[in-house]
Engineer: 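Have a look at the structure that comes next, please.
Both counts, for ligands and for their atoms, begin at 1 and track the order of listing.
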Amino acid sequence: MKIKDGNLKEVIYFEELDSTNLYSRNNDLVSDTVVIAGNQTKGRGRLNHNWFSSPNKNLTFTLVKEIEIEPLKAHIINFYTAIIVFSAIKNIMPDNNFKILLKWPNDIILNGKKVAGILTEAHDISSDRKKFFIGIGINVNQKDFPEELKEKATSLLNETDFFYEPDTILKNILDYFYQFFELLRKPEEIIQIWRQFTYPAGKSVSFRVCEEKEIKRAVIYGYDNLGAILLKNQTGDIEKHYSGEISFIY
Ligand code: BTN
């Protein structure tokens, strides 16, 4: 894998690795390093889920980046990255007819199924200037999915009938990430942009509050200026949830 990028200090490629996020967290890598795996054997998703990805067909990588941001606003990095990944994917698609959307807080949805996800981690969220491990998984040229994922996951290939060069997508993501980096100083602007590409208010959703069994139904009411979701529950009350608190059921 050859990535030339003036913004990066190091590119580390593994044919096989447990998880690029784990590797990045466990090694003292300089900021602006990208760790890429051809095959991830223990890919990790948000909320302790696994991230399944067929070997050598997709993109699985982590960008190590030092970012100056107030701890309470650190989740904005996820929204920012979601916009970047969304734009990079849109940019390489053959035309504009594909229905690609952002799903709160940071999934990328193509024709109703998840095509990419983001897991941002940090060792210790309490300091103002710290290293983040921004893990991105994109299903690019994968054709087959395990039975339990068929209904909810897809790939760029499956939805568009085109093969893509994963390196080109990665290059686009990194270019955009650095190009618009200063936006991270304006969380409300990020949320405003993000809102334009997500499900509008009024959509019915099923969700579960973390650790609870019960599946609840609600209608999306909106998103506040810092990215919390507002849901109108079945008794008509508006509930506010932050990312990490609830998971949607597809
Ligand atoms: C999610 O939607 O749950 C987040 C998925 C994040 C997956 C990526 S793949 C590269 C990086 N390494 C990991 O172990 N996870 C992230």
Engineer: Ring centroid separation for F177 and Y80, is it under 6.0 angstrom?
Structural biologist: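 Yes, close enough.
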Engineer: How would you list, by chain and number, the residues with a heavy atom under 4.0 angstrom from ligand 1?
Structural biologist: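 The 4.0 Å shell around ligand 1 contains S19, T20, N21, Q40, G43, R44, G45, R46, W51, T60, F61, T62, D107, K114, G117, I118, L119, G135, I136, G137.
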Engineer: In chain order, what residues pass the side chain to side chain donor-acceptor pair (under 3.5 Å) check against D161, with sequence neighbours excluded?
Structural biologist: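 In terms of side chain to side chain donor-acceptor pair (under 3.5 Å), with neighbours along the sequence ignored, D161 is linked to no residue.
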Engineer: Could you name each residue pair satisfying salt bridge (Lys or Arg N to Asp or Glu O under 4.0 Å) that touches residues 30-46, not counting sequence neighbours?
Structural biologist: K9-D32, D32-K65, R44-E121
Engineer: Looking only at the side chains, is there a donor atom on one of T235 and N233 sitting less than 3.5 Å from an acceptor on the other?
Structural biologist: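 Indeed, the side chains of T235 and N233 share at least one donor-acceptor pair under 3.5 Å.
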Engineer: Go through the structure and list residues passing side chain to side chain donor-acceptor pair (under 3.5 Å) with Y164, not counting sequence neighbours.
Structural biologist: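 For Y164, the residues satisfying side chain to side chain donor-acceptor pair (under 3.5 Å) (neighbours in sequence not counted) are T160.
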Engineer: Specify whether H75 and F79 have parallel, tilted or perpendicular ring planes, treating 30° as the upper limit for parallel and 60° as the lower limit for perpendicular.
Structural biologist: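 If you compare the ring of H75 with that of F79, the planes turn out perpendicular.
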